[in-house]
Each structure stands twice: as C-alpha cells, then as structure tokens.
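Note that ligands are numbered from 1 as they come in the structure, with each ligand's atoms numbered from 1 the same way. Just so it is clear, the model here is predicted, and its values are computed rather than measured.
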Amino acid sequence: MDTVKRYAIVGAGGRHEMYRDAILGEYAAGALLTGVCDNNIGRAQLSATWAREQYGQEIPVYDADHFDVMIRETAPDIVIVTTKDSLHDRYICRAMELGCDVITEKPMTIDAERCNAILEVQRRTGRQLRVTFNYRYSPPRTQVKQLLMNGVVGAIESVDFHWMLDTSHGADYFRRWHRNKENSGGLLVHKATHHFDLVNWWLDAVPETVYGTGRRAFYVPQTARRLGLEHCSERCHNCPESASCPFYLSLKDNAHLRALYLEQEPHDHYYRDRCVFSEAIDIEDSMALAVVYSNGARMSYSLNAFMPWEGYTIAFNGSQGRLEHKCEESVYINADGSVPGALKREGTYIRVYPHFAPAYEEPVWEAIGGHGGGDELLLQDIFDPDANRDDQYGCRADHRQGAWSILTGIAANVSMQRGEPVATRPLAPALR
Ligand SMILES: NC(=O)c1ccc[n+]([C@@H]2O[C@H](COP(=O)([O-])OP(=O)(O)OC[C@H]3O[C@@H](n4cnc5c(N)ncnc54)[C@H](O)[C@@H]3O)[C@@H](O)[C@H]2O)c1
C-alpha cells in the first residue's frame, strides 16, 4: 500500500464497528479514521471512546446536522455509510457532492426515486460508489460462482431459491427500525438485496420482470395470543411477559446492547427492543416472487422470516444438469456479540447432477467468520485491494450493481400493490 486513505463514517450503530475496527486495527497502516457522525451523539461518542480505549486514537464526532462540517474539517477521501437504509441516499449523494468517494452498506437505497437520485449524482460528480456485498465474498458462494462460470451445468434456464430467516435473526427485524417500510423498504429490499445481488452475479444477468406476493403471517398479535402472551408491552424492556415470551430480548443484560442502544435512548428515543407482535409493524414476513432475467432465466424465490433454521437452498437448472447448494447458517441477534451468519459446516453442501452421468458432491470451500466468511474477505478487499488485485470473480460492486440488486425488491413492492408483474427498467431510467 503506497498511500494512506482517509475515511469518515456516518451511522455509528452495530454495523459501523466492523469498518471502524478494521481501519483502526488490522488495516491501520493504510487507513485513517477522520470522523464519526450520527444523529445520536451518544452513540457517536461511544465509538470515539472505544477508539481511544482500544486503539489510543482520538476520533472527532459530529451530529447529523454537522455532516458537512465533518467533511470540511476532516477531509476524508471516502465516506462509509452505515446509517439505517432510508438515509443512505442522503449521505451518499451529499458525500459525492462534497467531492468524496463512497462505500455504502446494502441496500444502496430503498425505493426507485432515491435510486435514480443516487445514479444522477454519481453521473454528475463522477465519484466512485461502492456497495459492500459481503455475501459475494463468502467462499461457498464464490465457489458456486466459479462452478457456474466454468459451465458445470451449462446455460442456466431457471433457478429455485428459498431463504430462511429464523426466529432469532428473523425476529430481530421486527424489533428495530427495519419493521417499517419507510425505513427499510421491507425485507425484499433490506434483506433480499443480498440474495438478488447474488443471483444477478451468479447468472451474470439482470432482472427484467418481477411478480411478487407477500404478507405478514407470523409476527402478528394473534401469534402472541396463541403463545399465551396476553399482556405484551410495546417493548421488551420491563414487559410483564418477559419470563414467558420466547422472543424476549433483554438489552440491559447484554453489555454491548446496553451500551449501544439502551443507554443512548435519551438522545433519540430509539427503542431497539420493540415487541415483534406489534400492530405498528408494516413489513411482510412471508414473501414469494417470480422473476424473469435478461438472459431468459426464470427464478422462483421465497423468503420466510420465522423458520426453525437459518440459511438457504438454491438450485440452478441448466442445459447440462442441475447444481444444488444448501447453506445452513448459525443464528444471531445483531450486536449481541455472537458471530453473525457463521456457517454450520455439516449443513452446507454443493451437489452437481450432470445429465446422463453420476451426480457428485463438491467439497465446500472453507469459510470462517461473519456472514459465511464474507466479512473478513470484504474488508481485505476494501482496505488492502492489492491482496485481490484482479478480483477474478468480480466481487466488487459499484452503483449499477447496487441499483440492480434493489430493483427486484423495489419492483416486488410495486407488484404487491398493483397485483401484477412489474418491469424493472422503467423504474430506474437513470440506470442507463
Ligand atoms: N452487509 C451486512 O451483512 C449488514 C449487516 C448489518 C447491517 N447492515 C447494514 O448496515 C446499516 C446499519 O445497520 P445497523 O445494524 O448498524 O443499524 P443500527 O440501528 O445499529 O445503526 C444505525 C445507525 O444510524 C444512525 N442514524 C439514524 N438516523 C441518522 C441520521 N439522520 N444521521 C446519521 N445517522 C443516523 C442511528 O443512530 C444508528 O447509530 C444498514 O443499512 C444495514 O442494512 C449490513
């Protein structure tokens, strides 16, 4: 690495810690953290305290109203956006306007209007915008990419893809800001942006038409009553049903959750432990889609957020056979200290069924760490790009791939409203 890059982070919640610690720790030789910004100044200060205590560095903090001031005073080359999803566009666009490149967490944004706005600003400013699809970097998923690139089952004609979120991780989306579409776009955007990005990447194609259906089937008041929970509060903290509710989350008993959320509540009144059975939720927990791709392939996809195990099954039906991949992940609650999405090795396989020949199993590539081993490799690719100079599997995603990854979910949201298939391209005229 020849030069030191300057980074500022906006959004000081659970996810920003991974980037902050990478900059201050393993990649400190080539990276400098210039500032941290959040509308909750307590959370920003907590991050600065961590930087001081763990790394001996003083990091200036800024509230959201002073984002421009942070950019002016600390002159970052790159802004890392880790706010809630509905605010990504605001900071992506402003950072590019102010002359910075941007690395944003997924989803790039949550609806067509904001997607077009981002694409327009990127075009006008010419800045680089990178969307961090850590799932691409997970070794078993990279392995599937390689097998398909090698034509192991020929041309892909159709895909059967089914993702399970469990009653730990899946439930967590119904406690937090994700529970409302105005914040997250719903799980078809917030979560499935990963899945649809993987399919776009695996197939080397883009979605053309989407038909979507969905409903909230499980995280509803009736489920609370079925479980005998008659007196649920609006949040877990001090809920009278805490002893009997299988979805009870204690912020006060987990040091990290307590410091990051409970103790910062006075600053913004954001409660991270809202009841998963609340009437106020408006996202779906059970969704099914039919998608047509630019290469003619068809996909049937489902996402259910109340399953007993977490992970996915996918099958690629090709002109020369079928590839089946199943991946079981461990369970987690965001920011409670456990490793999110670590693979359960015994539950993960790749099987190839060639036409007119015996089926065989591919030994699955090793993966250790968060999100199927993807987080570590993603960080290395961001902060030490020489280690993966040729990016042979094309894991690095730009604004265009960020846009295509959300257009399936955005079109599905429109399709659910209209009750008919929706074409993606008219939604994003700026995606030229
Ligand atoms: N790639 C992955 O696997 C992965 C995993 C977790 C989260 N994420 C993404 O990271 C992002 C953050 O998620 P999280 O889990 O850290 O959520 P979080 O709620 O812990 O953090 C969000 C932060 O945004 C801040 N914020 C809210 N309004 C703001 C404003 N107006 N200006 C500045 N900051 C504001 C909040 O105070 C909070 O600190 C999301 O976009 C999420 O999709 C990605």
Colleague: Only heavy atoms of Ala64, strictly under 4.0 Å: list the atoms of ligand 1 that pass.
Modeller: 32 (N)

Colleague: Looking at non-hydrogen atoms alone, which of Thr83, Asp38, Thr193 comes nearest to atom 25 (C) of ligand 1?
Modeller: Asp38

Colleague: Would you say the side chains of Ser302 and His162 form a donor-acceptor pair under 3.5 Å?
Modeller: yes

Colleague: Answer with side chain, backbone, both or neither: which part of Glu105 has a heavy atom less than 4.0 angstrom from an atom of ligand 1?
Modeller: side chain

Colleague: Which ligand 1 atoms are under 4.0 Å away from a heavy-atom of Arg176?
Modeller: 15 (O)

Colleague: What do you reckon, are the aromatic ring centroids of Phe247 and Phe174 less than 6.0 Å apart?
Modeller: no

Colleague: Just jot down the ligand 1 atoms closer than 4.0 angstrom to any heavy atom of His190, in number order.
Modeller: 42 (C), 43 (O)

Colleague: For ligand 1, note which part of Lys106 has a heavy atom under 4.0 Å away: side chain, backbone, both or neither.
Modeller: both

Colleague: Check the orientation of His190 and Trp177. Use parallel for under 30°, tilted for 30 to 60°, and perpendicular for over 60°.
Modeller: perpendicular

Colleague: Taking the six-membered ring where the residue is Trp, are the ring centres of Tyr312 and His325 under 6.0 Å apart?
Modeller: yes

Colleague: Does any N or O of ligand 1 fall below 3.5 Å from an N or O anywhere on Asp268, backbone included?
Modeller: no

Colleague: Parallel, tilted or perpendicular for His169 and Tyr173, by the 30°/60° rule?
Modeller: tilted

Colleague: Is a side-chain donor or acceptor of Thr223 paired with a backbone partner of Tyr219 at a separation under 3.5 angstrom?
Modeller: no

Colleague: Report yes or no: do Glu73 and Tyr62 form a side-chain donor-acceptor pair below 3.5 Å?
Modeller: yes

Colleague: As a quick check of understanding, evaluate salt bridge (Lys or Arg N to Asp or Glu O under 4.0 Å) for Glu265 and Arg272, giving each step before the final call.
Modeller: CA-CA 9 Å; Glu265 288 177 3; Arg272 194 232 175 277; over 6 Å; no

Colleague: Using a 4.0 Å cutoff against the non-hydrogen atoms of Arg90, which atoms of ligand 1 qualify?
Modeller: 31 (N)

Colleague: Could you tell me which atoms of ligand 1, counted from 1 in the order shown, lie closer than 4.0 angstrom to a heavy atom of Tyr261?
Modeller: 18 (P), 20 (O)

Colleague: Which word best sums up how the rings of Tyr19 and Phe383 line up, parallel for under 30°, tilted for 30 to 60°, or perpendicular for over 60°?
Modeller: perpendicular

Colleague: Kindly state whether the ring of Phe67 and the ring of Tyr91 have centres lying under 6.0 angstrom apart.
Modeller: yes

Colleague: With heavy atoms only and a cut-off of under 4.0 Å, state how Leu260 meets ligand 1: side chain, backbone, both or neither.
Modeller: neither

Colleague: Would you say Gly13 and ligand 1 have an N/O pair spaced under 3.5 Å apart?
Modeller: yes

Colleague: Given that the side chain starts at C-beta and the backbone is N, CA, C, O, which of these parts of Asn134 lies under 4.0 Å from ligand 1, counting heavy atoms, or is it both or neither?
Modeller: side chain

Colleague: At less than 4.0 angstrom from any non-hydrogen atom of Ala12, what atoms of ligand 1 do you find?
Modeller: 39 (O)

Colleague: Is there a polar contact between ligand 1 and Thr132, counting only N or O atoms under 3.5 Å apart?
Modeller: no

Colleague: Does ligand 1 have any atom that is closer than 4.0 Å to a heavy atom of His88?
Modeller: yes

Colleague: Out of all atoms in ligand 1, which are within 4.0 Å of some heavy atom of His194? Include the element for each.
Modeller: 1 (N), 2 (C), 3 (O)

Colleague: Arg43 heavy atoms, cut-off 4.0 Å: which ligand 1 atoms fall inside?
Modeller: 36 (C), 37 (O), 38 (C), 39 (O)

Colleague: Answer yes if the ring centres of Trp202 and Phe316 are under 6.0 angstrom apart, and no otherwise.
Modeller: yes

Colleague: What is the minimum heavy-atom distance between Asp384 and Tyr27, and which atoms define it?
Modeller: CB-CE2, 3.9 Å

Colleague: Examine ligand 1 and decide if any of its atoms is less than 4.0 Å from a heavy atom belonging to Phe67.
Modeller: no

Colleague: Using heavy atoms and a threshold below 4.0 Å, how should the contact between Phe133 and ligand 1 be classified: side chain, backbone, both, or neither?
Modeller: neither

Colleague: With respect to Tyr91, determine whether any N or O atom, backbone or side chain, lies less than 3.5 Å from an N or O atom of ligand 1.
Modeller: yes

Colleague: Once the angle between the rings of Tyr270 and Tyr261 is folded into 0 to 90°, is it parallel (under 30°), tilted (30 to 60°) or perpendicular (over 60°)?
Modeller: perpendicular

Colleague: Below the 3.5 angstrom mark, is there an N/O of Val10, backbone or side chain, next to an N/O of ligand 1?
Modeller: no

